[in-house]
Amino acid sequence: MRCSVLSSSGFSHLRVLAACVAAFVAPTLAEAAGRLVSGPMLGHRAHREVTVWLETEGAQNVEIHYWREDAPENRHTATILQPPATPTGGQPIKAALALLDMGARYAYQIAIDGTPVSFPYPLRFSTTDQWEWRKPPPDFSFLYGSCAYINEPAYDRPGKPYGHTTEIFRHMAASGADFTLWGGDNWYYREADFSSVSGLWHRARHDRATHDLQPLLAAMHHYATWDDHDYGSNDANRSFEFKGPALDVFKAYWGNPSFGEPDNAGVYHKFFWGDAAFIVMDNRYHRDDSELDATLHPHKTQYGSRQVEWLEQSLLQAKQLRHYPFKFVVTGGQVLTSFGGASETFALFPDERARILRFIRDHDIPGVVFLSGDVHFTELARTEIGGRAVYELTSSPLTSGAWSSADRVRGPDPLRVEGTLFAEQNFCRLAVTGPRDARVLTIQCFDSAGALRWTHDIAASELQ
């Protein structure tokens, strides 16, 4: 019996070590076969590597068999021995399938303790083609949304359930998109969750196992950041006492390419897809409380100085590489909007916001589009920085309650693009298409039944 490093799911080394020691000490029950709890889910995709995530329970041996669809006779296997368990008994597993062929299509199969697991949908993925300097940029599309509340009556507040239909996940799975980008509040910790470490692990396990979510997890790749509800309590700041374990949980359940920096913890990361750069921010781990008086504390921050510097360097890198006319900056709360005060917009951090927007202007960064969530309604906002357009798409909620009185409570947003306010459960599909010198970003908003509610085109030239 041995523990494989491939089974590391992102929770602390101490927890992994304890699980390994327990695996050596406890007797092996060969007759007890493990089972699948949720997944598989596709994580980060690169030219020669793809991450596959799943969660099992009671498994001794998990195998991922994979092969090129055009060469099924050449099969490879990733083996995870004795995957460690979380306090809930689940075994979140992330396997990086490495040194794959570029631009190739693969199929794969999951086996738990020697028994193949069957699924009502195909298990497939493809690797990134090396188009740079060789071919026109590929067309691609992705889904964006935030605020997914899954009901669990024993822990929910009394009264009408806050979570709505999860059917929306099935429409997302059928959208044909290449990946989903989760904008925060991807699950909701309740009081019984964020008061203990085991409670944090329970919430992630429970919500990830939602039946309607499984086809979406397998249909495309997934990237995520967090906001307050999948970090800690409502409007939680950097003082949250279980921020370390919360980070462990998030790492264990998402297949991002990285999490923060070696000497600066967090969930921020970046990746590239087609001719777009995605710079994904963490607005919680280093956050000052929103109520801190910004006039008395001009250095008030939601990212921390190190992460702001990382954002600036990432924007410059994407500009210098020249392949990326679109630079999506993803964050939990709204950036451009300043009106109202009933939500945690970047207006509560005026100096930090001014620094970021000034950097974009002074360093002539083209193609910036902010993606945000949190506010429980969807809208597209537009402003100009340094003479060029900058947009922000806010998409919310996926399944949580909607803020149907957004205009009445906060007033009309002066930056809102007319016809883009939608205050019901929804998701957005963003597609980048067209020839290299005439790329277009098309944004579509779909309701929970999959019906198109609005669409808007943004030419890359408008952002240049």
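Predicted model, so just to flag it, every value in this text is computed and none were measured. These values consider heavy atoms only, across backbone and side chains, with no hydrogens, waters or symmetry-generated copies.
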Establish, from distance only, whether the side-chain atoms of Glu344 and Gln334 form a donor-acceptor pair under 3.5 Å. no
Stepwise ring pair (Phe, Tyr, Trp, His ring centres under 6.0 Å) check, Phe328 with Phe142: CA-CA 12 Å; Phe328 295 97; Phe142 66 97; 5.4 Å; yes
Do side-chain atoms of Glu352 reach the backbone of Gln302 as a donor and acceptor pair under 3.5 angstrom? yes
Whether Asp101 and Arg68 form a salt bridge (side-chain N of Lys/Arg under 4.0 Å from carboxylate O of Asp/Glu) is what I want to check. yes
Establish, for the pair Arg203 and Trp187, whether the NZ or CZ atom is under 6.0 angstrom from the six-membered ring centre and no further than 45 degrees off its axis. no
Given the rule in the side-chain contact (heavy atoms from CB on, under 4.5 Å) test, do Glu55 and Ile93 qualify, once you have shown the distances and angles that lead to the verdict? CA-CA 6 Å; Glu55 183 171 16; Ile93 295 167; over 6 Å; no
Answer whether the closest heavy-atom distance between the side chains of Phe125 and Arg105 falls below 4.5 Å. no
Between Glu462 and Arg388, is the closest basic N to carboxylate O distance under 4.0 Å? no
Distance only, no hydrogens: is a donor on one side chain within 3.5 Å (strictly under) of an acceptor on the other, for Thr166 and Asp212? yes
Pairs flagged by ring pair (Phe, Tyr, Trp, His ring centres under 6.0 Å) wherever residues 430-464 is involved - sequence neighbours left out: Phe427-Phe446
Using a 6.0 Å cut-off, check whether atom CD of Glu418 has over 12 heavy atoms from anything other than its own residue. no
Assess the pair Phe377 and Phe422: is the distance between their ring centroids shorter than 6.0 Å? no
Pair Phe250-Asp248, side-chain contact (heavy atoms from CB on, under 4.5 Å): steps then yes or no: CA-CA 6 Å; Phe250 199 87; Asp248 291 340; over 6 Å; no
Out of the candidates Ile168, Asp207, Thr210, only one should pair with Thr399 under the side chain to side chain contact (heavy atoms under 4.5 Å, CB included) rule; please name it. Ile168
Who passes salt bridge (Lys or Arg N to Asp or Glu O under 4.0 Å) against Arg306, sequence neighbours left out? Glu261, Asp263
Test: Asp288 and Arg238 ion pair at under 4.0 Å: yes
Step-by-step side-chain contact (heavy atoms from CB on, under 4.5 Å) determination, Leu393 to Leu430: CA-CA 10 Å; Leu393 172 66; Leu430 295 84; 3.9 Å; yes
Give a yes-or-no answer on whether the side chains of Gln109 and Tyr66 include a donor-acceptor pair shorter than 3.5 Å. no
Any donor-acceptor pair under 3.5 Å linking the side-chain atoms of Trp226 with those of Asn186? no
Taking the six-membered ring for Trp, are Trp273 and His221 ring centroids under 6.0 Å apart? yes
Partner set under ring pair (Phe, Tyr, Trp, His ring centres under 6.0 Å) for Phe271, not counting sequence neighbours: Phe179, Tyr223, Phe278
Do Glu392 and Ser372 have side-chain N/O donor and acceptor atoms under 3.5 Å apart? yes
Is the closest side-chain donor-acceptor distance between Thr56 and Gln91 under 3.5 Å? yes
Using 30° and 60° as the class boundaries, would you call the ring planes of Tyr303 and Phe346 parallel, tilted or perpendicular? perpendicular
Does NZ or CZ of Lys243 fall inside the cone over Tyr285's six-membered ring, less than 6.0 Å from its centre and within 45° of the axis? yes
Between Asn426 and Ser448, is any pair of side-chain heavy atoms under 4.5 Å apart? no
